[in-house]
Colleague: 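What follows is a structure written as structure tokens; I'll ask about it next.
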Amino acid sequence: MTSLRNLIPRYCPLSLLDSTTTLPQVHQIHAHLLVNGHLNDPPLFAKFVATLALSLPDLLPYSHHLLVHSPHPPSLFALNSLIRAHSKGPTPHLAFLFYHQILHSPALSPDHYTFTFLVRASAQAAAAAAGAAVHASALKRGLAADPYVQSGLIHMYAEFALPDATRRVYAELRRPDVVAQTAMVGALAGSGEVDLAREMFDGMLQRDPIAWNAMIAGYSQVGRSKEALELFSLMQAEGVRVGEATMVSVLTACAHLGALAQGKWAHGYIQKNKIGITVTLGTALIDMYSKCGDMRKAMEVFWSMGEKNVYTWSSAVSGLAMNGAGKECLELFELMKQEHVRPNGVTFISVIRGCSVAGLVDKGREHFDSMRDEYSIEPWYEHYGCIVDLYGRAGRLDDAVNFINAMPIEPHVGAWGALLNACRIYKNIELGEFATRKILELESKNDGAYVLLSNIYADSRNWKGVSSIRESMKAKGVSKEPGCSVIEVGGKVHEFFVGDRSHPRYKEIEVMLGEMSRRSRLAGYVARTNEVLFDIEEEEKEDALCWHSEKLAIAFGLIALGEGVTIRIVKNLRVCLDCHDATKFISKVFQREIVVRDRNRFHHFKDGVCSCMDYW
DNA sequence: TTAGGGTTAG
């Protein structure tokens, strides 16, 4: 204690104040200033309050206290500093307290600095009305034209999701600088207006890394992952400094595409460029590897991470569930609890799905009950849906129905959909029809319900049922979402749609399709024509099956990838039963591992077997 | 003293 006193230089007692200073040390500095009469010097006092507020936001009440008990009226500088400190903290609304203090002091009036941070405080507090009032008084005082205030306003209105106001502020700028342009690019990209954002981005004379990140993140967020990656290569070509934020977006894009090769490359890039693996970046890596079907790498990253949060644990738990490792998923969840990481609603969704994969029905139900009992988490629609799925997949249709009937909230499409899917698996026509009616009552144009029910009909050779569904779909103008499969070859992503002939190597693909079909048949594959239901005449059925997008992608993979290289495919819909069957045969006769990412889970095909054990 | 982007899990 005395040593610290000696350390404080008489002429500059504030130099010891920084973010590492502890409360007792602050007391000492305070006492020192007091003893030496520094606090009677208004500029020095203001400096003390400001430094304290800005470097130790946790001690804001202390700063506040100092100000209230000040021997002289607080200066604008001190008040502004408190506004600034509050504007980014957990109590942004308190910034207004100091603003009013400025307004009520006859000697003071707010300046552009005040408004800059008041605008930020409004954004942080999500206080749209207060923000508009701040804007109005800045205008009245002629301070709204300050570039800092304007950038803040753009940011604020974007935060409030008020695109018109955002644009109005921007339009009023006479000469927008990089900062304002970047803010606008971010605002547009963040609200989903990626193309407008890109237009502005392209028009910028100068672009710093922040503008690139805003743009790449924008693409990545709206799911335009290919463009995110393209822009990233452009960014590198231009030699722009790449940081953590960029890589998080790049990994998100790779995860979305299921582009393992590019994801691995990104991981290598992070290591080579010594970009620190923070919790966020590590979690993004785990998510990328899980969604690309490489759970071994995902867990390697997981175990190597020092700091892990709920997101990190949840993404590993979810990855294991998605990839069919139900047992490991549950083990990891137990470990998570042992490590005192509190699971949340998202975690429980994955845990219940893990139970579903492992066929542990009662265990799943226990976890569901523990949500409320042990963690006070009120189950969401999604959790109810998962439990219906859990019962349904296990063939316990009665339990599923009873569960739906006992739901304390109105059953949603997801719950009925899970039941309908169970009816498909267990061929229960009557219950399937009932579930479909329920779904259509809620969403008359739900294409999935029509498709599932017609699958049930087709399975029982009820062609009349199938065609009546086709009729009512036509009558209601419901169309099935077109299937699309994506495969990555040589770092390039290739997309295939049903019956797509547009690929440059289509001729070779067609030959390979014939080969696949011929060799699979020899091994005992029989086409399931039941799966083709829409607008196709009988005799074309078998042909059409060969043209399902995943088959095209597999054919291309067999041609374009090296011997023994795993074929990885990402599909936007669920794999149909026929393709699932066919892929099993292909994996055997071509001795090739094939990993297909479905709409909601993975299928690892090897030697004629699928990891989902046909339980999907 | 000041501004802008960004984030991960179902």
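Quick caveat: nothing in here was measured; it's all calculated off a predicted structure. Lettering of chains follows the sequences in order, A, B, ..., and the numbering in each one begins at 1.
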Colleague: Can you name the residues that form a side-chain hydrogen bond (donor to acceptor under 3.5 Å, both in side chains) with Glu227(A), not counting sequence neighbours?
Modeller: Arg224(A)
Colleague: Applying ring pair (Phe, Tyr, Trp, His ring centres under 6.0 Å), can you list everything that pairs with His256(A), at least two apart in sequence or on another chain?
Modeller: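 Residues passing ring pair (Phe, Tyr, Trp, His ring centres under 6.0 Å) with His256(A): none at all.
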Colleague: Among residues at least two apart in sequence or on other chains, which ones pass side chain to side chain contact (heavy atoms under 4.5 Å, CB included) with Leu173(A)?
Modeller: Gln150(A), Ile154(A), Tyr170(A), Pro176(A), Ala180(A)
Colleague: Tell me every residue that passes salt bridge (Lys or Arg N to Asp or Glu O under 4.0 Å) with Asp369(A), counting only those two or more places apart in sequence or in another chain.
Modeller: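 Salt bridge (Lys or Arg N to Asp or Glu O under 4.0 Å) check on Asp369(A) returns Arg365(A).
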Colleague: Would you indicate, yes or no, if dT1(B) has its OP1 or OP2 atom less than 4.0 angstrom from a side-chain nitrogen or oxygen of Ser81(A)?
Modeller: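 Answer no for this pair, as no side-chain N or O of Ser81(A) is under 4.0 Å from OP1 or OP2.
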Colleague: Looking for any heavy atom pair under 4.0 Å, which part of the strands does Phe77(A) touch: base, sugar-phosphate only, or nothing?
Modeller: base
Colleague: Quick one: label Trp313(A) by what it contacts on the DNA or RNA (base, sugar-phosphate, nothing), any heavy atom closer than 4.0 Å.
Modeller: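 The answer is nothing, as Trp313(A) stays clear of every strand by at least 4.0 Å.
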Colleague: Which of the following nucleotides, dT2(B), dG10(B), dG6(B), is nearest to the side chain of His112(A)?
Modeller: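 From the listed options, dT2(B) comes nearest.
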Colleague: Among residues at least two apart in sequence or on other chains, which ones pass side chain to side chain contact (heavy atoms under 4.5 Å, CB included) with Glu300(A)?
Modeller: Arg296(A), Lys297(A)
Colleague: Quick one: does any side-chain atom of His155(A) pair with a main-chain N or O of Ala123(A) as donor and acceptor, under 3.5 Å?
Modeller: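 Side chain of His155(A) to backbone of Ala123(A): no pair is present.
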Colleague: With respect to the side chain of Thr280(A), which nucleotide from dT8(B), dT2(B), dG10(B) is positioned closest?
Modeller: dT8(B)
Colleague: Specify the residues of residues 178-205 of chain A, ordered by number, for which at least one heavy atom lies under 4.0 angstrom from an atom of DNA chain B.
Modeller: Val178(A), Val179(A), Thr182(A), Ala183(A)
Colleague: State whether the distance check finds a donor on one side and an acceptor on the other, under 3.5 Å, for side chain Tyr113(A) versus base dT1(B).
Modeller: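 By the distance-only test, yes, there is a pair.
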Colleague: Do His135(A) and Tyr157(A) have ring centres separated by under 6.0 Å?
Modeller: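 Yes, they do, as the ring centres are separated by less than 6.0 Å.
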Colleague: Can you tell me which residue pairs pass the ring pair (Phe, Tyr, Trp, His ring centres under 6.0 Å) test with a partner in residues 183-205 of chain A, sequence neighbours excluded?
Modeller: Phe201(A)-Trp212(A)
Colleague: Passes side-chain contact (heavy atoms from CB on, under 4.5 Å), Phe115(A) versus Ser137(A)? Steps please.
Modeller: CA-CA 9 Å; Phe115(A) 282 109; Ser137(A) 55; 3.6 Å; yes
Colleague: Taking CD1 from Ile154(A) and C1' from dA3(B), how many angstroms apart are they, rounded to a whole number?
Modeller: 10 Å
Colleague: How does DNA chain B look in dot-bracket notation if pairs are Watson-Crick or G-U with both distances under 3.5 Å, crossing ones as [ ], other-strand ones as |?
Modeller: ..........
Colleague: Round to a whole Å and report the spacing from CD1 of Ile210(A) to P of dG6(B).
Modeller: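 Taking CD1 of Ile210(A) and P of dG6(B), I get 10 Å after rounding.
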Colleague: Of the nucleotides dT8(B), dT2(B), dG10(B), which one has an atom closest to the side chain of Arg84(A)?
Modeller: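 So the side chain of Arg84(A) is nearest to dT2(B).
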Colleague: Got a sec, which residues hit side chain to side chain contact (heavy atoms under 4.5 Å, CB included) with Tyr311(A), two or more places apart in sequence or on another chain?
Modeller: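 Checked Tyr311(A) against side chain to side chain contact (heavy atoms under 4.5 Å, CB included); matches are Thr283(A), Asn309(A).
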Colleague: Among residues at least two apart in sequence or on other chains, which ones pass side chain to side chain contact (heavy atoms under 4.5 Å, CB included) with Phe77(A)?
Modeller: Ala46(A), Ala50(A), Ser75(A), Ser81(A)
Colleague: Do we see Tyr311(A) stacking on the base of dT8(B), given a limit of 5.5 Å between centres and 30° between planes?
Modeller: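 Base of dT8(B): stacked against Tyr311(A).
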Colleague: Applying a 4.0 Å non-hydrogen cut-off, can you work out what Ala211(A) is touching in the nucleic acid: base, sugar-phosphate, or nothing?
Modeller: nothing
Colleague: Could you work out which one of dT7(B), dG10(B), dT2(B) sits closest to the side chain of Glu382(A)?
Modeller: dG10(B)
Colleague: Taking ring pair (Phe, Tyr, Trp, His ring centres under 6.0 Å) as the definition, give me every residue that meets it alongside Tyr148(A), ordered by chain and number, with sequence neighbours left out.
Modeller: none
Colleague: Mind checking whether His267(A) and Tyr289(A) have ring centres under 6.0 Å apart?
Modeller: yes
Colleague: With a non-hydrogen cut-off below 4.0 angstrom, is Asp177(A) in contact with a base, only sugar-phosphate, or nothing?
Modeller: base
Colleague: If you compare every side-chain N and O of Lys291(A) against the phosphate oxygens of dG10(B) (OP1, OP2), does one of them come in below 4.0 Å?
Modeller: yes
Colleague: Rounded to whole angstrom units, what separation is found between the CG atom of Leu118(A) and the P atom of dT1(B)?
Modeller: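 Roughly 21 Å, once rounded to whole Å.
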Colleague: Looking at dA9(B), dG10(B), dG6(B), which one has an atom nearest to any side-chain atom of Ser315(A)?
Modeller: dA9(B)
Colleague: Under 4.0 Å, heavy atoms only, any strand: does Asp146(A) hit a base, just the sugar-phosphate, or nothing?
Modeller: nothing
Colleague: Which nucleotide in the list dG10(B), dT1(B), dA3(B) gets nearest to the side chain of Thr116(A)?
Modeller: dA3(B)
Colleague: Which parts of residues 321-345 of chain A get close to DNA chain B, meaning a heavy atom less than 4.0 angstrom away?
Modeller: Asn344(A)
Colleague: Confirm from the modelled atom types if Ser314(A) and dA9(B) form a donor-acceptor pair under 3.5 Å, side chain to base only.
Modeller: yes
